[in-house]
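Structure first, commentary second.
Labels below follow one simple rule: chain letters A, B, ... track the order of the sequence lines, proteins then strands, and each chain is numbered from 1. If you're wondering where the values come from, they're calculated on a predicted model, not measured in any experiment.
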Number of protein chains: 2
Amino acid sequence: MKETIQIHFPNFNSQLIEDIEKNATIKFFKAGEVLMRSGQYIKNTVLITSGKVKIYREDEEGGEFFMYYLQPGQACAVSMICATKQETSTIMAKVVEDAELIMIPLSLMEKWMATNRTWYEFVIETYRNRFEEVLTVIDNIAFKAMDQRLEFYLKQHKEARNCNDVKLSHQEIASELNTSREVISRLLKKMEQRGLVLLHRSHITVLF
Amino acid sequence: MKETIQIHFPNFNSQLIEDIEKNATIKFFKAGEVLMRSGQYIKNTVLITSGKVKIYREDEEGGEFFMYYLQPGQACAVSMICATKQETSTIMAKVVEDAELIMIPLSLMEKWMATNRTWYEFVIETYRNRFEEVLTVIDNIAFKAMDQRLEFYLKQHKEARNCNDVKLSHQEIASELNTSREVISRLLKKMEQRGLVLLHRSHITVLF
DNA sequence: TACCCTCTGTGATATAAGTCACCGTAACTT
DNA sequence: AAGTTACGGTGACTTATATCACAGAGGGTA
């Protein structure tokens, strides 16, 4: 476990790694599992050591709006934020690639903020990055039309998975952008005509 | 100055208040002045002791999308976030009611995080609240149509100014929601017919 | 092979929102 | 009082997006 943490969180000092080993628990999730739901109480701060997690905002009618990916070496900012106040989650986190997660009880997360500099810096850095990320999300939905949002979405997925083949159906993409399948199908068709993508069944090759 | 700080930031301990008095500078801004632009370097963390500040996200074509208000007793989260990394601002802050601001050099802001518990808690709390706030913004633009967004917008303004009379022209509202004046005029007309508002020139009475 | 289910394509139509043109009026200026 | 400007109202039109209906193709399974 020590090596895994060192590799993904190289800035953690040895004291912190020791504390994590002693107190945190490891959990494994399969692709497709939901890690956290809106409205659930949060009992742990989550660090990711392998796999991929997608973070969504949900609405009352069950819409699932995609915001960003979490990668190995990162942490769920919302789990830190809510932890501080024993509050319920306002987001939904779904594992999309088998994942190994380190679960840190919130009392310790709080304690380490005061006692361990490397943890403190990691938490602050996490806040910063996620704040910037959600501001980028706002830019996209506030200022851009669906065709540009779709391009951005495909780029995000290509980069997060490190692979030009985005394995998603039009329906899935539509849900994550909160629009309808037909709209996505038509926009993708246009992108194909412009030479930006190749369309296959449940699978898009990104050429940009 | 000591009293002003105590009133608006009751959780700051005396050591912190003393440090602020010694090291921070006070600045006054008139309504309409821009406090911070996208792309500008941030040299201070900003605390508000009087007046109102509005925070916007800007796009390349000069669009100004309204996100939230800052009130006395609050701080600009983005100024804290950027401060940490000597980065440029990604938001625009406009004073809309004559304001008194405490400017804290970023080196001190950083130092106090480690040395003063009451400051640390205030900063974390600020991150938390603003993060929640931008997530609410995302909900609105991702899931709601313009009529609901307009209602929410009017409610925000009513509450922030503590006054049922929102003194804004249709054009100003349209810009802040990134739409056009005609759309706002028509939606407001419908709201008036439903008895939700009274329309005057450059001024709307909110009845809900 | 026959069947089934999911995925995709597409036409027709509906609705929300954006754009253009123009006008009347309130408020301000001098 | 006359001129000027910002503000708001509205009709006509365009465009983007949403919805409905249906058909054909791909891939799995009995």
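Protein atom CD1 of Ile184(A) is 10 Å distant from nucleotide atom P of dT17(D), rounded to whole Å. Counting to the nearest Å, the C1' atom of dG18(C) and the CE atom of Met146(B) are 10 Å from each other. Counting to the nearest Å, the P atom of dA25(D) and the NE2 atom of His203(A) are 21 Å from each other. Between the C1' atom of dG9(C) and the NZ atom of Lys190(A) lies a distance of 14 Å, rounded to the nearest Å. As rounded to whole Å, 10 Å separates atom C1' of dA16(D) from atom CG of Asp147(A). Taking atom CG of Leu199(A) as the reference point, atom P of dT10(C) lies 11 Å away to the nearest angstrom. Between the P atom of dG18(C) and the CZ atom of Arg186(B) lies a distance of 11 Å, rounded to the nearest Å. In this structure, the CD atom of Glu172(A) is 7 Å from the P atom of dC7(C), given to the nearest Å.
An OP1 or OP2 oxygen of dG8(D) is reached within less than 4.0 angstrom by no side-chain nitrogen or oxygen of Lys189(B). The side chain of His170(A) contributes an N or O atom lying less than 4.0 Å from OP1 or OP2 of dT8(C). Between dG26(D) and His200(A), no contact under 4.0 Å exists linking OP1 or OP2 to a side-chain N or O.
Using a 4.0 Å cut-off between charged nitrogen and carboxylate oxygen, Arg57(A) and Asp139(B) count as a salt-bridge pair.
Here dG8(D) is the nucleotide among dG8(D), dA17(C), dT8(C) with the atom lying nearest to any side-chain atom of Ser169(B). Ranking dT19(D), dT19(C), dG9(D) by closeness to the Glu182(B) side chain, first place goes to dT19(C). Of the candidates dG18(C), dT17(D), dG8(D), the closest approach to any side-chain atom of Val183(A) belongs to dT17(D). The Thr179(A) side chain lies nearest to dT17(D) when the options are dA26(C), dT10(D), dT17(D). Checked against dT10(D), dA17(C), dT10(C), the side chain of Ala145(B) finds its nearest nucleotide in dA17(C). Of the candidates dG9(C), dT17(D), dG18(C), dG18(C) carries the atom nearest the Ser180(B) side chain, counting heavy atoms from C-beta on.
Here the side chain of Lys144(B) pairs no donor or acceptor atom with the backbone of Phe152(B) at under 3.5 angstrom.
Within 6.0 Å of atom NZ in Lys167(A), more than 12 heavy atoms from other residues, nucleotides or ligands are found, so the atom counts as buried in its surroundings.
Because its NZ or CZ atom is not both nearer than 6.0 Å to the ring centre of Phe131(B) and within 45° of the ring axis, Arg130(A) does not count as a cation-pi partner of that residue.
With values rounded to the nearest 0.5 angstrom, Gln40(A) atom CD is found 12.5 Å from Thr90(A) atom OG1.
The base of dA27(C) has none of its N or O atoms less than 3.5 Å from a complementary donor or acceptor on the side chain of Arg201(B).
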